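Below: one structure, written as structure tokens.
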2 protein chains.
Amino acid sequence: MTEAEQDRLTPRQRAVLERALELLVAGGERALTTAGVARAASCSKESLYKWFGDRDGLMAAMIAYQASKVRGFADDGGPMDRERFRAHLVGFAQDLLEVLGGDVSLALNRLAIGQASREKSRLGQLLVAQGRRRVDQSARALLEAGRKRGFIHYTDADEAYRTLYGLIVRDLHVRMLLGEEGARRPEKIAALAERAVKQFFALYGARQKERAETA
Amino acid sequence: MTEAEQDRLTPRQRAVLERALELLVAGGERALTTAGVARAASCSKESLYKWFGDRDGLMAAMIAYQASKVRGFADDGGPMDRERFRAHLVGFAQDLLEVLGGDVSLALNRLAIGQASREKSRLGQLLVAQGRRRVDQSARALLEAGRKRGFIHYTDADEAYRTLYGLIVRDLHVRMLLGEEGARRPEKIAALAERAVKQFFALYGARQKERAETA
DNA sequence: CCTTATCAGTACCGTACGGTACGGTTCTGT
DNA sequence: ACAGAACCGTACCGTACGGTACTGATAAGG
């Protein structure tokens with residue numbers, strides 16, 4: 001489902017997708033039945049099939065709809081000193097941890113992972129990737145802004161971003177997906193973000209560039 | 001299912017679990033039907049229910065059985081200079097990436113993640129955690145050995161290990177779980193491991209301890 | 001040879017789900 | 001006011017699955 005089709009959703013359809021997402025969050029994929037969605041959203045199954053084609057189409061629409069709500073982190077382009085850049089990175093880390101740990105995000109990732117084995121309907125995985133790309137690209141833009149101003153140094157932007165991602169998320173995402181209780185600690189997010197950014201600067205800060213890059 | 005019960009499995013039952021794992025790898029959870037397992041393993045459904053109780057018990061047995069095959073990385077305790085320690089870390093990183101990217105591991109993780117939402121049968125998640133704990137503990141022992149010999153420095157072993165994990169795995173595990181093609185690149189494992197260990201030494205090497213620890 | 005236990009194979013049952021069809025109602029445009 | 005579309009609620013159908021019961025074959029033990 002393209003972005004153009006996405007905008008073509010009527011408010012009614014958006015409301016249906018919201019209810020469907022609630023069902024998915026509450027009960028996992030097994031709770032996402034067409035009859036259940038129709039009942040919860042007070043619409044007919046016939047309308048569901050008319051709007052979304054089939055169950056796979058409904059799931060794809062749910063993912064695309066949710067992805068359309070995740071906005072990137074805009075680079076205001078204004079003056080930015082080193083401390084402001086660092087604060088931006090910490091903010092990115094916090095937002096990332098909050099997004100990944102959100103109920104809807106976890107439920108949709110579980111759904112997409114569950115569908116990953118089926119040859120057909122790989123759309124789910126692609127659409128989740130589309131949702132992630134927004135976050136990724138804004139983060140890459142942020143890194144590039146810091147590099148141009150000389151706060152950090154790298155030769156491979158992708159490598160640098162993935163390292164930042166690893167330092168922030170570690171194994172938290174998978175553990176949250178597995179339902180591990182200790183993994184979701186919203187009160188720890190600030191400290192996790194600070195530590196990750198500190199480590200990232202230790203690796204990619206302009207004064208230590210030789211240590212992180214040379215292979 | 002405890003380790004003692006695990007050993008009580010007959011060769012016949014192990015063979016059935018092997019076939020069940022093959023089915024799961026080939027077709028995901030939807031392919032793991034009781035009739036399908038019985039047919040593939042040439043046993044009766046009645047025997048399946050006698051041995052494993054129900055479908056959840058079968059899945060738990062599969063996870064426990066597979067976890068029993070994942071061995072940790074033994075610390076030979078012998079003399080170890082800095083280079084040997086580094087080589088051990090690189091070897092751990094390679095093994096970790098290979099295990100996480102294995103077909104059976106991915107299939108079982110997808111299965112456990114799919115079951116995570118259901119209140120009942122959280123066993124799957126716990127047993128996967130048990131399987132991971134073997135890897136975790138041996139890695140922690142390796143780090144501790146390096147710390148005692150002064151090659152690295154940290155105050156919180158858990159923090160250090162999680163950082164190492166993040167540097168090695170980054171977002172590869174989730175992307176592999178999502179079925180992303182570009183994520184599974186066995187030929188890249190060696191380079192990934194080298195880079196991760198290099199970055200880990202930059203953060204936790206004994207000479208740069210103040211940069212990684214002080215918050 | 002007889003008994004007993006185990007197990008493969010099959011048939012069966014209840015349930016739940018995806019998808020379709022239809023009657024009745026509300027909204028919309030003319 | 002009227003025609004047509006959109007849509008809700010429900011009933012329905014085919015299928016697939018989890019779980020159980022039954023039958024027949026095999027093999028060990030006396």
Side-chain angles (χ1 to χ4, degrees), chain A residues 5 8-63 107 110-112 114-115 117-124, chain B residues 8-24 26-63 107 110-112 114-115 117-124:
Chain A
E5 299 177 57
R8 226 169 279 157
L9 289 178
T10 67
R12 181 83 180 98
Q13 290 163 353
R14 290 175 209 264
V16 169
L17 293 179
E18 286 286 350
R19 304 293 293 174
L21 284 172
E22 292 172 16
L23 276 182
L24 181 69
V25 168
E29 182 180 356
R30 306 190 70 105
L32 193 72
T33 66
T34 54
V37 172
R39 195 180 333 112
S42 293
C43 74
S44 68
K45 285 172 67 175
E46 196 172 15
S47 298
L48 287 183
Y49 283 95
K50 179 173 187 174
W51 294 333
F52 307 110
D54 56 5
R55 187 172 181 267
D56 286 347
L58 172 64
M59 295 191 296
M62 290 168 63
I63 293 177
R110 291 195 183 110
L111 180 65
Q115 299 285 325
S117 49
R118 291 211 75 69
E119 280 306 316
K120 185 161 179 290
S121 167
R122 194 186 298 274
L123 306 174
Chain B
R8 224 169 281 156
L9 288 177
T10 68
R12 181 85 180 94
Q13 289 163 354
R14 290 174 209 266
V16 169
L17 293 179
E18 286 287 350
R19 302 294 292 176
L21 284 172
E22 291 173 17
L23 277 182
L24 182 68
E29 182 179 357
R30 305 191 70 106
L32 193 72
T33 66
T34 55
V37 172
R39 195 180 333 113
S42 293
C43 74
S44 68
K45 286 172 65 175
E46 197 171 15
S47 299
L48 287 182
Y49 285 96
K50 180 174 186 175
W51 294 332
F52 307 111
D54 55 5
R55 187 172 181 267
D56 286 347
L58 172 64
M59 295 191 297
M62 290 167 62
I63 293 177
R110 291 196 183 109
L111 180 65
Q115 299 286 327
S117 49
R118 291 211 74 68
E119 282 305 317
K120 184 159 177 290
S121 164
R122 194 186 299 272
L123 306 174

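Keep in mind the model is a prediction, meaning the values are calculated, not measured.
- Counting to the nearest Å, the C1' atom of dA8(C) and the CD atom of Q13(B) are 15 Å from each other.
- Among R19(A), M62(A), M59(A), R110(A), the one residue that satisfies the side-chain contact (heavy atoms from CB on, under 4.5 Å) test with L24(A) is M62(A).
- Between K50(B) atom NZ and dA5(C) atom P there is a gap of 11 Å when expressed in whole angstrom units.
- The CG atom of L17(A) sits 9.0 Å away from atom CH2 of W51(A), with the distance rounded to the nearest 0.5 Å.
- Following rounding to the nearest Å, Y49(B) (OH) and dC7(C) (P) show an atom-to-atom distance of 17 Å.
- Nucleotide dC7(C) holds its C1' atom 11 Å from the CG atom of L48(B), rounded to whole Å.
- Here the closest heavy-atom approach between residue L23(B) and residue A40(B) is recorded as CD1-CB, 4.0 Å.
- Minimum heavy-atom separation, A38(A) to S44(A): CB-C, 4.1 Å.
- Looking at E18(A) and R14(A), their side chains never come closer than 4.5 Å, going by heavy atoms from C-beta outward.
- At the phosphate of dA8(C), OP1 or OP2 sits under 4.0 Å from a side-chain N or O atom of S47(B).
- Remark: A31(B) pairs with no residue by the side chain to side chain contact (heavy atoms under 4.5 Å, CB included) rule, at least two apart or across chains.
- Closest of all the heavy-atom pairs between C43(B) and R12(B) is CB-NH2, 3.5 Å.
- Nucleotides of DNA chain D with any atom under 4.0 Å from a heavy atom of chain B span, from 5' to 3', dC17(D) to dC22(D).
- In this structure, E46(B) and R55(B) both approach DNA chain D, and ranking their closest nucleotides by distance from the 5' end singles out R55(B).
- For the atom pair CZ (R118(A)) and CZ (R30(B)), the distance works out to 6.0 Å, reported to the nearest 0.5 Å.
- Against DNA chain C, the stretch residues 36-45 of chain B makes heavy-atom approaches under 4.0 Å through S42(B), C43(B), S44(B).
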